[in-house]
Protein chains: 2
Amino acid sequence: MTETVQRPTLEAVAARAGVSRATVSRVVNGGDGVREPLVERVRRAVEELGYVPNQAARSLVTKRHDAIAVVVAEPETRVFADPFFALQLRGISKELTAHDNQLVLLLTEGRDDHARVGRYLAGGHVDGALVFSLHLDDPLPGLIQRAGVPTVFGGRPGWSDGTSGVVYVDSDNRGGAREAVRHLVGLGRTRIAHITGALDQTSAVDRLDGFRDVMADVDPRLIAEGDFTPAGGERAMRELLDRCPGLDAVFAANDLTAAGALRVLREHGRRVPEDVAVVGFDDMLPVAEQTDPPLTTVRQDIEEMGRLMARLLLRGLDRLHPDEGHDPAVGAPASVVTPTTLVRRASA
Amino acid sequence: MTETVQRPTLEAVAARAGVSRATVSRVVNGGDGVREPLVERVRRAVEELGYVPNQAARSLVTKRHDAIAVVVAEPETRVFADPFFALQLRGISKELTAHDNQLVLLLTEGRDDHARVGRYLAGGHVDGALVFSLHLDDPLPGLIQRAGVPTVFGGRPGWSDGTSGVVYVDSDNRGGAREAVRHLVGLGRTRIAHITGALDQTSAVDRLDGFRDVMADVDPRLIAEGDFTPAGGERAMRELLDRCPGLDAVFAANDLTAAGALRVLREHGRRVPEDVAVVGFDDMLPVAEQTDPPLTTVRQDIEEMGRLMARLLLRGLDRLHPDEGHDPAVGAPASVVTPTTLVRRASA
DNA sequence: ACCTCCTGCGAGAGCGCTCTCACCTGCGCC
DNA sequence: GGCGCAGGTGAGAGCGCTCTCGCAGGAGGT
């Protein structure tokens, strides 16, 4: 645990290179408008002294921080039990890093934390925020919007009516669900059930909508409410089996739910996929690959979603290097819905 | 994506309260040495203006940032596929938040990133670092130590000889392994095999050592090398079954490995736990609870480890509030090894 | 009554940087 | 040959805060 040492300042570099502070500053920030020999001398001085700009001093005058907050509202442990979060974070990190921005992570624990996060964001410590809010009634998004911090949401916020200025990145839950159900239909299944996710989350609602898109006049008894957990999947599966013993397929709102359903099916002596075909959602690898049989499921490119969120935010902040080659006619960033793909394994 | 607005300064608060900047500063930072009526007036002015201190300006003079970097070296995706990381992060976040420190997340992707991280840490942007390095040959820890940033490691670094100033928090891998194996012995098993983890990681080595502690003169053919993945577990299990068909128990280096082993055992018609008892490690819930049969495994309090890491670091930085009530005779922080507990489920 | 001491508050410097502006070249041009 | 006009460079202010002083003014001692 060594103590931090005295670090060289711009002044020191200037002295060593025999130029003014201003010139060093110019070189450090790109070097335009400085003649080559001087640039070289300054570069060497920087090198020799191991100079690293003091971000605090810089921020003080530029009012930029080159830092983005990632806010993860996490009322439930569930969020943490899956690799989602980590992958998304990785995508975000990659994109931010590529543009020299730091990632400040804000995890919230219950309502008390909301004020803290609000204060932090409003405090102007970061240039923008990426916010994950899963629940329809989460006060956090509103709080953040009011803080006046440029924000991109992960997952469609519940109150977003699609027209307000809300920018979000979400996977095509509805389309993915449709594809999953169509796959089951294509398999010749006719009594297709759905176990929903926690319906206070837009992803669950969207997947249910996708199911309904395909199964327009479905018997309502073929829909059972789950909560994205294996236990919820078991419970719902029992209900379904009880209500509709003749069902021949199940589309589960996520892989965890599907895993629970699978267990109940086996318990009841139903063979998968022969008697009942099962499709999940998420392609959560440690689960989907380990179930018996391995799960056919809908994959989303989580990491890409994270990257996209960051990119959208940075673009909104005009923080992207011009040489990145985006469509030049870029206006205000708009929400993005990323595609899903069906991964066929053994369960359907 | 609203733009950030002009925020009130100390000066503004001072004017409004009719006092000097210095007095406002004092109040904002605890309010000692300011008489009650003034404190009250300043508080009100702060409230009315919605004043939030500018951290950049503050850092500039205090040379403190109230920010801690969390560095996750992540050469493999594996790290991300499990909930470990998220839980640890949560523990860290809680502790840092409790002491008003921010969490700056640095994920590294391959060697190129090491320089970047080194530069960042050496750049004095944060007060300390929490570093997760899993591999024996990882250059990152050395790099960080050289950067002169107070650091606490997550997991025992490979090159730590126990005497150098390295501070780390690790779970009692060796002790946990001993407990697991003793449990198997207690079950009357005599031909106990071990599937190791990736042996370039200290946790794998320590678990193997724990196994050997109990099974002193074990037949070397009862030890097969895995890599912490289900596929590795399958491979190793096949080897073991091939070499020692008479084995009656397996201690797997982690739950993923155990899940793989479980599958191969079933494939070979061995009943678990009747024919072969299986114990895992980690108590990675989505895996351990979902296997068939549910896995007996060794649990570690991941979140607490994270919290501990943060606490150790903050203590080293004298960043802990005095009223926290630690042992008063606290010297330089020392490494901590956290206990494990055996969780008995059905597999052993 | 005086002096000392302490406590509470304000003045002001300065943290390390950026950025505006003025200056100073050297060039082409009339 | 003088003038204008670049473009390159330096001087200096100032970002918002903390912290050291120094100076009041009241309490306490003699």
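Excluded from the calculations below are hydrogen atoms, water molecules and symmetry mates; all remaining heavy atoms, backbone and side chain alike, are included. The sequence lines fix the lettering, A, B, ..., with proteins before strands; numbering per chain opens at 1.
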Between [atom2] on [N] and [atom1] on [X], what's the gap in Å once rounded to a whole number?
X: A/L60; N: D/dT18; atom1: CG; atom2: P; result: 12 Å
X: B/Q55; N: C/dC15; atom1: CD; atom2: C1'; result: 14 Å
X: A/L49; N: C/dG16; atom1: CG; atom2: P; result: 14 Å
X: B/D32; N: C/dT7; atom1: CG; atom2: P; result: 13 Å
X: B/L38; N: C/dT7; atom1: CG; atom2: P; result: 17 Å
X: B/E40; N: C/dC9; atom1: CD; atom2: P; result: 14 Å
X: A/R41; N: D/dG8; atom1: CZ; atom2: C1'; result: 13 Å
X: B/E11; N: D/dT18; atom1: CD; atom2: P; result: 13 Å

Quick check on [N]: is either OP1 or OP2 less than 4.0 Å from any side-chain nitrogen or oxygen of [X]?
X: A/N54; N: C/dC15; answer: no
X: B/S20; N: C/dC9; answer: no
X: B/T9; N: D/dG16; answer: no
X: B/K63; N: C/dG16; answer: yes
X: B/R58; N: D/dT18; answer: yes
X: B/S25; N: D/dT18; answer: yes

Nearest to the [X] side chain among [options], which nucleotide is it?
X: B/A22; options: D/dG10, C/dG16, C/dG10; value: C/dG10
X: B/Y51; options: D/dC17, D/dA11, D/dC15; value: D/dC17
X: B/A57; options: D/dT18, C/dG10, D/dC17; value: D/dC17
X: A/R35; options: D/dG10, D/dG8, C/dT18; value: D/dG8
X: B/V34; options: C/dC9, C/dG16, C/dA13; value: C/dC9
X: B/V61; options: C/dT18, C/dG8, D/dT18; value: D/dT18

Task: Donor-acceptor pair between B/R64 and B/N101 side chains, under 3.5 angstrom - done: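 Result is no, nothing qualifies.
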Heavy-atom side-chain proximity of [X] to [Y] below 4.5 angstrom:
X: B/Q102; Y: A/L106; answer: yes
X: B/L313; Y: B/P150; answer: yes
X: B/V24; Y: B/E11; answer: no

Task: Residue whose closest nucleotide on DNA chain D lies nearer the 5' end, A/R21 versus A/G33 - done: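 Whichever sits nearer the 5' end wins; that is A/G33.
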Task: Partner of A/I68 under side chain to side chain contact (heavy atoms under 4.5 Å, CB included), chosen from A/L130, A/T151, A/I92, A/V149 - done: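 The side chain to side chain contact (heavy atoms under 4.5 Å, CB included) with A/I68 is passed solely by A/L130 among A/L130, A/T151, A/I92, A/V149.
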- [ ] Taking only Lys NZ, Arg NE, NH1 and NH2, and the carboxylate oxygens of Asp or Glu, determine whether B/E47 and B/R43 approach each other closer than 4.0 Å.
- [x]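 Salt bridge flag = no for B/R43 with B/E47.
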Open item on the list: What I want to check is whether an N or O donor and acceptor connect the side chain of B/R26 with the base of C/dG10 at under 3.5 Å.
Closed with: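 Yes.
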